[in-house]
Amino acid sequence: MNRPAPMTTAASRALVLAIAGGLLTTVAAPTASAATPTCNSPVYKRQFFANTTFSGTPKRTDCDAAVAENWGAKAPATGLPKDNFGVRWTVTRDFGSGGPFTLTAAAQDGIRVYLDGKVKVNVWKNVTSTAKKTVNLTIPSGKHTLRIDYANLTGNANVNFAYTPRTSASVDKVKPLAPTAPTVTYDKTTGKAKLTWAKNNEMDLAGYRIYRRLNGSSFGGTPLATTTATTYTDTTLPVTGANYFYEVRAYDKAGNESAGTADMAVTTVDRVAPGVPQDVALISSSESEGMRFGWSAVEGAVSYVVYRAPEVYQSAKYVPGTYTKLGGTTELTYRDASAVERAGYFYVVTAVDAAGNESARSEAVSGRLQDDVPPPAVTGLTVTPTEYGFELDWDANPAEDLTWYRLYQGVMADIDEDGSENCYASVAEEYLSGDRTSFTYTTTGGGYWHTGLLDGEERCFLVDAVDDFGNSTFRWTGEGNVVLATEFDMRPSVATPEGSPLELTATGAQGDEGNHLGWSWSSDAQETTGYRVHRWNPATGAYEKVADLGSDVTEYYDTGAPRGTTSFYWVTALAADGTESVPAGGWTVTTPATPAT
């Protein structure tokens, strides 16, 4: 607190140490000749009145760090009476996020405490001993004004007032405000990041927590560091050229933590070489264009350097000679156009990042020049839908070194960013000899992606020519002559009901024996007098009986089934009264009796 300075003091100012809300501030004691002083929050402005109604011009105005006075039976200042005087303290301060506070007041005689003009404590009477009052209340966030009016009527004069945050975790549920004005600077020489932010205004502030995350990840639950200061220097940043983000959160004595500041970004210097290229492998060679090889991408690499060494025969084996730099590339493949035909070479690759760091060399790959000119793309492909799949025909490929054809089949799908429809057929289904120009594509049987039941879906086909070195246009370019065709929809118009006690499998005829049907009970066998086989007849739109079989028969060869189509079957179990069980359904496909060649 500040005692009133004598009215006769000189113009020099004495510094008084003020303590309020746990903060230390120096305030200047006013002089007699000074104008109304400016009291910086949280210091109070104090006014002395020669009455208890606080009317008229104050007899004196100064700054006071705390409301804590005991004047006894004396006047509080020169020019004031020892009885019937009043003193008013006012302060406006930022409470940050606010929260629960306790107001404690003690006075002889009267004291009133106002928050933003509203009375919170009112002990206003002439007493012969000190009266005390404690009030718990919640102060909202932001700036608020406290006013304390004290009146001495007669007798001794003393007054005390304090406002303190309640910091029990069971009482205080109010989070601090997020720290403001966050900044970060990065020293590329030392690799350190320095964070600064503005001080929070909460009176119950305990400190700050600093969080760091790598770009693409989230802030973890454990802080990088904790501090009571408003600055922090991170000395643990990896110098890898990565992007990191910081945020600062305030926490109070009750353990409440604020939201984080806006992210503060730092891009570190990169002093770490990227990883060594892996999977270096010879892709092909070319008499006209040179050796071509590739490798897997290295994280953080922006380019690659290729080194070449001539093949040297030593100790009954070929080893690399001296490596020299061949060239650089930003791609994952490299073509050595300067290689000499039939000469052998070893190649190694290094990765280079954006900071110019170069990795160690990869394992070596070796090779000699060979043909890598693909056959021309297949032309004349036609795809004809059938009841068993598709018939494919194409022009004979003119390549002299043609070895085989690869057949691709797929579906149309929206796989481009612009939504355009493309044929998705990344795996070859069939490998056909180079003397073939046709293929019967059935819906069942070999291959990876044969279409299954014909249900009217649109399909795409591509036939790719491959030479004896494995070269092909589709392999090198990803392009080819794609043909679209829509399947026949062979599904019966009558659906097979669910709940059959039987399970049926159907296999297409392999010769003259007909389609093979086999069935079993899906649960415990039941009493039956036999089984009945039905085949779907598209002409009549119904399943028609083709055979009645004994109760000990569990398979049937349908030699009457048509070839070159999809056949659908029902098999039912017969009860003693002649009724049939719920049918088990199945289907199979046969090619024509004389398949296309």
Side-chain angles (χ1 to χ4, degrees), residues 279 281-289 291-296 332-333 335 367 369-386 388-416 420-454 457-487 508 589 591-592 595-597:
D279 306 319
L282 190 68
I283 298 173
S284 69
S285 62
S286 169
E287 295 179 358
S288 59
E289 298 181 15
M291 307 283 286
R292 192 160 86 103
F293 53 98
W295 52 91
S296 298
L332 296 178
T333 61
R335 184 180 292 274
L369 287 177
Q370 61 182 8
D371 172 31
D372 71 348
V373 179
V378 173
T379 60
L381 175 62
T382 61
V383 181
T384 304
T386 67
Y388 50 85
F390 299 92
E391 288 291 344
L392 281 68
D393 294 277
W394 59 90
D395 297 335
N397 195 277
E400 294 182 357
D401 55 353
L402 181 71
T403 302
W404 68 82
Y405 293 101
R406 282 194 289 248
L407 169 63
Y408 294 85
Q409 180 276 140
V411 295
M412 302 303 292
D414 294 337
I415 58 175
D416 283 354
S420 61
E421 196 171 54
N422 291 269
C423 178
Y424 183 74
S426 60
V427 178
E429 288 205 42
E430 299 287 349
Y431 288 79
L432 308 173
S433 62
D435 59 354
R436 296 282 297 273
T437 58
S438 64
F439 180 69
T440 297
Y441 188 95
T442 59
T443 60
T444 58
Y448 293 101
W449 305 107
H450 276 207
T451 59
L453 178 62
L454 295 173
E457 188 173 6
E458 187 177 44
R459 298 284 170 172
C460 48
F461 293 88
L462 180 144
V463 177
D464 184 34
V466 184
D467 67 16
D468 51 7
F469 280 106
N471 303 307
S472 79
T473 299
F474 183 59
R475 182 180 179 186
W476 293 155
T477 68
E479 298 178 353
N481 298 322
V482 178
V483 174
L484 302 180
T486 302
E487 300 173 339
V589 176
T591 54
T597 58

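These values consider heavy atoms only, across backbone and side chains, with no hydrogens, waters or symmetry-generated copies.
Put simply, CG on L282 and CE on M291 are 4.5 Å apart, with the number rounded to the nearest 0.5 Å. Taken to the nearest 0.5 Å, the CG atom of L454 stands 11.0 Å off from the OH atom of Y388. Atom CG of L369 and atom CZ of R292 lie 14.0 Å apart (nearest 0.5 Å). Atom CG of D464 sits about 11.5 Å away from atom CG of L381, to the nearest 0.5 Å. Annotation: the span from T379 atom OG1 to W394 atom CH2 amounts to 12.0 Å, rounded to 0.5 Å. Distance CD/E400 to CG/D468: 11.0 Å, rounded to 0.5 Å.
When all heavy atoms of W476 and P374 are compared, the closest pair comes out as CD1-CG, 3.5 Å. Contact record, V378 with N481: O-ND2, 2.5 Å, taken as the closest heavy-atom pair. T333 and W295 get closest at one heavy-atom pair: C-CH2, 3.8 Å. Minimum heavy-atom separation, A465 to L402: CB-CD1, 3.6 Å. Of all the heavy atoms in G294 and I283, the pair that sits closest is N-CD1, 3.6 Å. In this structure, S438 and D393 approach most closely via the heavy-atom pair CB-OD1, 3.2 Å.
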Would you check, one step at a time, whether the test side chain to side chain contact (heavy atoms under 4.5 Å, CB included) holds for V482 with Y408?
-> CA-CA 9 Å; V482 178; Y408 294 85; over 6 Å; no
Show the numbers, then the answer: is there a side chain to side chain contact (heavy atoms under 4.5 Å, CB included) between F474 and R406?
-> CA-CA 10 Å; F474 183 59; R406 282 194 289 248; over 6 Å; no
Begin from the C-alpha positions of Y405 and F439 and carry the test side chain to side chain contact (heavy atoms under 4.5 Å, CB included) through to its verdict.
-> CA-CA 11 Å; Y405 293 101; F439 180 69; over 6 Å; no
Would V466 and Y431 count as a side chain to side chain contact (heavy atoms under 4.5 Å, CB included) if you check the C-alpha gap in whole Å, the side-chain angles of each, and the deciding distance to 0.1 Å?
-> CA-CA 10 Å; V466 184; Y431 288 79; over 6 Å; no
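No side-chain donor-acceptor contact under 3.5 Å links R459 to the backbone of E487.
Ring centroid separation for the pair F461 and Y441 comes in under the 6.0 Å cut-off.
Using a 4.5 Å cut-off on side-chain heavy atoms (C-beta onward), S433 and W404 make no contact.
E457 and T486 are not linked by any side-chain donor-acceptor pair at a separation below 3.5 angstrom, with hydrogens and angles left out of the test.
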